[in-house]
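Here is the naming used below: chain letters follow the sequence lines, and residue numbers restart at 1 for every chain. From a predicted model like this one, the values you see are computed outputs, not experimental measurements.
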Amino acid sequence: MASSVCFGLANDAVMAELERGGKLEGLSKKEAKQLAGSLVKDRVPALAEQIVGRLGNAGFASVEAANGYINIAFDSNRMAERLIGEVLERGPEYGNAPGIDELVMIEHSQPNTHKAFHVGHLRNSCLGVSLSHIMKAAGYRVQDANYIGDIGMHVIKCLWCYQNFHQGEEPADPIARGRWLGEIYAEADARLNYRKDVLDFLLLLSTEDQQFIAAIDRMLKYLWREGGAGDDVVGEDIAYLLGRVANAQPIKDELLYRQDVIPRFWPIVGEQLADAIDHPRILPPVEGAPEPTTTPEERVAVWRKLETHMQEWWVPSMTWRDDVKAMFQLWEERDPDFVNLWEETREWSLADFRRIFDELGASFDIWFFESQVEEPGKQIVRELLEREIAEVSDGLPVVKIDEKLGLKTETYRTLPILRSDGTTLYSTKDLALTRQKFEEHGVDRAIWVVDVRQALYFQQIFKILELMGFEQAGDAYHLPYEMVRLPEGVISSRKGNVPVYDDIRDAVVARAREIIEEKNPEMPLADKERVSWEVAIGSLKYAMLARDNNKMITFDLDEALSFDGHTAPYIQYAHARACRILEHAGVTVEDLAGSLDRFDLGAVASEELSLLQAIAALPDDVRQAAAEYRPLVIANYVFDLAKRFNDFYHACPVLQSEEPVRTARLALVAATRQALANGLGLLGIAAPTVM
RNA sequence: GCCCUCGUAGCUCAAUGGAUAGAGCGCUUGGCUUCGAACCAAGAGGUUGGGGGUUCGAUCCCCUCCGAGGGUACCA
């Protein structure tokens with residue numbers, strides 16, 4: 001234990017002396033401080049010495065001054081005896097705080113049905129699961145809530161794509177259907193964005209590819225000769241394209257007379273792009289033109305990707321967005337056939353999610369579904385309109401929050417609470433759900449584990465409820481966390497680079513299995529299966545938790561596959577080693593607890609002291625982690641503890657040492673094992689006894 | 001424009017007002033006949049983005065500038 005009070009005392013003493021001596025007269029405040037500052041530095045060590053001299057040992061094992069600090073040491077053996085006694089007695093409860101009569105609901109994991117569960121969802125679930133354990137350890141009563149996005153535009157898009165292009169193609173294996181549905185959604189997204197992608201690409205070419213601009217005139221003349229000569233309508237379209245590209249302006253597809261102009265233009269664009277690579281020409285730089293953001297090779301790659309669907313998609317895609325909107329109306333009318341389809345496919349995704357949550361150790365007391373809060377949400381909108389908190393602006397109900405609060409600077413802005421066609425938004429549903437949490441579930445505090453991009457949104461929701469006079473809005477907290485990225489950039493279904501959870505898990509489990517095969521080939525088969533799973537999932541979880549909430553995580557599969565260093569397996573390994581030592585000794589925890597009245601480590605080694613201090617820190621760290629909603633505190637704790645344990649067993653032989661040290665060290669090992677298991681448990685990570 | 005977050009060793013990250021700013025990865029060197037080497041030891045590596053302020057004391061709090069990312073009315 002160290003104390004830094006000397007600095008403050010020295011400062012007071014120096015200032016008092018200076019004043020008494022009249023040395024401060026005529027000096028500005030700043031000069032006085034500087035003078036005092038220079039004297040304080042020299043004074044502190046002497047003062048510390050003085051205090052130590054006066055204090056003597058004062059009942060402590062030792063009291064000494066160092067660098068102006070007073071270091072107080074307890075009798076290590078007595079402290080160790082008490083600490084280890086507490087750990088062994090409380091067992092899995094060690095570290096927990098006394099109960100508090102407060103019910104906290106933690107909403108996390110919110111995946112959307114009809115979409116893939118990916119590495120971004122993984123961070124959310126890991127955070128939610130761990131926070132739930134930590135809050136329980138800190139004494140709160142906790143309810144875990146899930147909130148499934150089972151309706152909304154994404155569902156409609158997916159079902160539209162399924163019904164029009166893939167009906168009857170679903171895999172026979174029921175457990176593969178959720179994932180397959182996710183792929184259908186991705187295709188729906190690609191189809192619905194296809195026109196925009198094509199036109200954006202042409203705009204990109206016309207802004208940064210000098211050769212393309214130079215060739216555009218020639219290309220369009222060729223197009224004219226090939227198919228359009230004598231057709232005035234095509235001629236107009238060609239003139240339009242020429243004008244837009246030459247001036248680097250966006251092309252508007254609705255202004256084209258003939259929808260097949262783009263598909264006919266497309267192969268010529270491809271030839272031109274290929275030609276630009278084969279015969280690069282240096283064109284004079286254009287004044288003020290921005291540096292190209294893409295290489296010719298990248299441009300060809302994009303062209304090829306779009307080319308695969310050009311003939312099939314371009315013309316029909318004209319009406320797709322309207323088709324999707326029409327389908328949304330089927331939902332609004334609760335069209336029986338549509339509802340049947342929705343229920344069936346929804347269940348495919350839910351089956352997938354239940355399996356994944358089971359793998360992740362996420363259990364929920366309550367499952368909320370977006371589809372269930374649409375009606376209560378609409379009711380709240382009506383109420384808000386009646387009470388004139390909301391108003392209709394640009395054809396849809398919104399709440400102008402700043403205006404209602406009388407704020408002059410823009411802070412909460414305006415939130416739409418219903419679409420102009422009467423269909424619900426995320427906000428419609430969250431208003432209802434928030435009220436339900438407090439009123440129907442009687443919680444005292446509600447926490448939302450949702451990514452940071454929705455920070456403003458949640459402030460808006462909570463403020464609107466406050467405007468309604470809903471007092472408990474003050475007990476609603478959004479816990480924001482940063483995104484998961486990939487080494488090559490953001491995760492984006494548009495780019496098709498979404499790492500799906502199942503794939504990552506398979507890779508990591510396989511790697512864990514490989515290492516066990518290598519290190520521990522004689523392990524029984526069932527153990528190999530279980531342990532490789534525990535290590536793999538633990539490793540993934542630790543990577544998600546050992547980073548502060550407000551820091552981006554760059555997910556690198558190669559790193560995830562490495563189990564060395566600052567990882568869960570390092571900590572799990574320390575735990576397994578501790579278990580093995582106890583197993584060799586053939587003693588039970590009860591034996592060791594009973595031996596504590598004769599506890600004697602002899603001369604306590606620095607590694608032992610350091611380990612004891614780490615074990616003792618758990619209750620404080622639990623408090624801090626809960627107060628700050630930061631599992632990172634516990635992730636740091638277990639790593640630090642494992643590290644100190646490694647130091648300990650390399651420096652201090654346990655089984656070979658003489659009594660009474662042997663038994664005392666065994667008790668220390670048992671306490672370490674317990675603290676490691678408890679810490680890992682708070683993170684939702686398994687503590688295998690063998691690896 | 002306005003608001004939020006981040007900037008620490010080559011890379012990925014800790015440390016939130018106190019002692020000489022710590023780990024991991026990577027690099028160099030050493031340690032398995034020993035309670036399990038998924039480990040340990042040693043070495044190299046820092047003007048904590050720049051500047052100012054508050055404080056006895058600042059990576060941490062405040063101001064400002066630079067750089068990166070995100071949000072900002074009918075996506076969720």
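- Judged by Watson-Crick or G-U wobble contacts below 3.5 Å, the nucleotide B:A44 has no partner.
- When heavy atoms are screened at a 4.0 angstrom cut-off, A:V450 is found touching no nucleic acid atom at all.
- For A:H650, the side-chain atoms get nearest to B:C40 when compared with the rest of B:G71, B:A73, B:C40.
- Note on A:C652: a base of the nucleic acid sits closer than 4.0 angstrom, heavy atoms only.
- Using a 4.0 Å heavy-atom distance criterion, A:M691 is classed as a base contact.
- Within 4.0 Å (heavy atoms only), A:Y570 reaches sugar-phosphate atoms of the nucleic acid but no base atom.
- In this structure, A:E482 atom CD and B:C6 atom P are separated by 9 Å, rounded to whole Å.
- Looking at A:K551 and A:E482, no side-chain N of the basic residue comes within less than 4.0 Å of a carboxylate O on the acidic one, giving no salt bridge.
- The base of B:A76 lies close enough to the side chain of A:Q454 for a donor and an acceptor atom to sit less than 3.5 Å apart.
- For the OP1/OP2 pair of B:G36 and a distance below 4.0 Å, the side-chain nitrogens and oxygens of A:H584 include at least one atom meeting the criterion.
- At the heavy-atom level, A:V452 lies nowhere under 4.0 Å from the strands shown.
- Distances shorter than 4.0 Å separate none of the side-chain N or O atoms of A:Y481 from OP1 or OP2 on B:C4.
- Annotation for A:V661 and A:G602: closest pair CG2-N, 4.2 Å, computed over non-hydrogen atoms.
- At B:A23, none of the side-chain N or O atoms of A:N636 fall inside 4.0 Å of OP1 or OP2 (strictly under the cut-off).
- If you measure from atom CD of A:E559 to atom P of B:A38, you get 21 Å, rounded to the nearest angstrom.
- You'll find that the side chain of A:L425 is closest to B:A76, out of B:C6, B:A38, B:A76.
- Contact annotation for A:R662: no contact, since no heavy-atom pair falls under 4.0 Å across all strands.
- Nucleotide B:C6 forms a pair with B:G67, judged by Watson-Crick or G-U wobble geometry with both contacts under 3.5 Å.
- Checked against the 6.0 Å centroid threshold, A:H478 and A:Y457 do not count as a close aromatic pair.
- Checked by distance alone, A:S393 brings a side-chain donor or acceptor within 3.5 Å of a matching partner on the base of B:A73.
- Using a 4.0 Å cut-off between charged nitrogen and carboxylate oxygen, A:K643 and A:D647 do not count as a salt-bridge pair.
- Across all strands, A:D548 comes closer than 4.0 Å only to sugar-phosphate atoms, never to a base (heavy-atom distances).
- Classification of A:K378 and A:E332 as a salt-bridged pair holds, one side-chain N sitting under 4.0 Å from a carboxylate O.
- Atom-to-atom distance recorded for A:I685:CD1 and A:L545:CG is 6.0 Å, nearest 0.5 angstrom.
- At least one side-chain heavy atom of A:H118 sits under 4.5 Å from a side-chain heavy atom of A:H121.
- Annotation: side chain of A:D591 is not in contact with side chain of A:L666 (no heavy-atom distance under 4.5 Å).
- Rounded to a whole Å, the CG atom of A:D150 is 13 Å from the P atom of B:A76.
- RNA chain B is contacted by A:T414, A:P416, A:R419, A:S420 of residues 414-423 of chain A, taking any non-hydrogen atom closer than 4.0 Å.
- The partner of B:C61, taking Watson-Crick or G-U wobble pairs whose two distances both stay under 3.5 Å, is B:G53.
- Across all strands, A:M483 comes closer than 4.0 Å to no nucleic acid atom at all (heavy-atom distances).
- Nearest-nucleotide mapping onto RNA chain B: of A:P653 and A:N549, the residue sitting toward the 5' end is A:N549.
- Distances shorter than 4.0 Å separate none of the side-chain N or O atoms of A:R453 from OP1 or OP2 on B:U5.
- Without hydrogens or angle criteria, A:D451 side chain to A:R453 main chain gives a donor-acceptor distance under 3.5 Å.
- Atom CG of A:L456 and atom P of B:A76 are 16 Å apart (whole Å).
- Salt-bridge annotation for A:E658 and A:R662: absent, with no side-chain N of the basic residue lying under 4.0 Å from a carboxylate O of the acidic one.
- Taking side-chain N and O atoms only, A:K551 has no distance below 4.0 Å to OP1 or OP2 of B:U12.
- Residue contacts shown for A:F639 are limited to sugar-phosphate atoms, with no base heavy atom under 4.0 Å away.
- Applying the Watson-Crick and G-U wobble criteria (two distances, each under 3.5 Å), B:G26 pairs with nothing in any strand.
- The nearest heavy atom of RNA chain B to A:L655 and to A:P569 marks one nucleotide each, and the one closer to the 5' end goes with A:L655.
- Put simply, A:Y573 has a side-chain N or O that comes within less than 4.0 Å of OP1 or OP2 on B:A38.
- The aromatic rings of A:W448 and A:F458 lie tilted to each other, with the angle between the two planes from 30° to 60°.
- The distance from atom OH of A:Y649 to atom C1' of B:A37 is 8 Å, rounded to the nearest whole Å.
- Taking the six-membered ring where the residue is Trp, A:W160 and A:W320 present perpendicular rings, their angle passing 60° and hence far from 30°.
- Within 4.0 Å of A:R580, counting heavy atoms only, lies at least one base atom of the nucleic acid.
- Annotation: proximity of residues 641-648 of chain A to RNA chain B (heavy atom, distance under 4.0 Å) is found for A:K643, A:N646, A:D647, numbered in ascending order.
- The side chain of A:Y426 has B:A76 as its nearest neighbour among B:C13, B:G36, B:A76.
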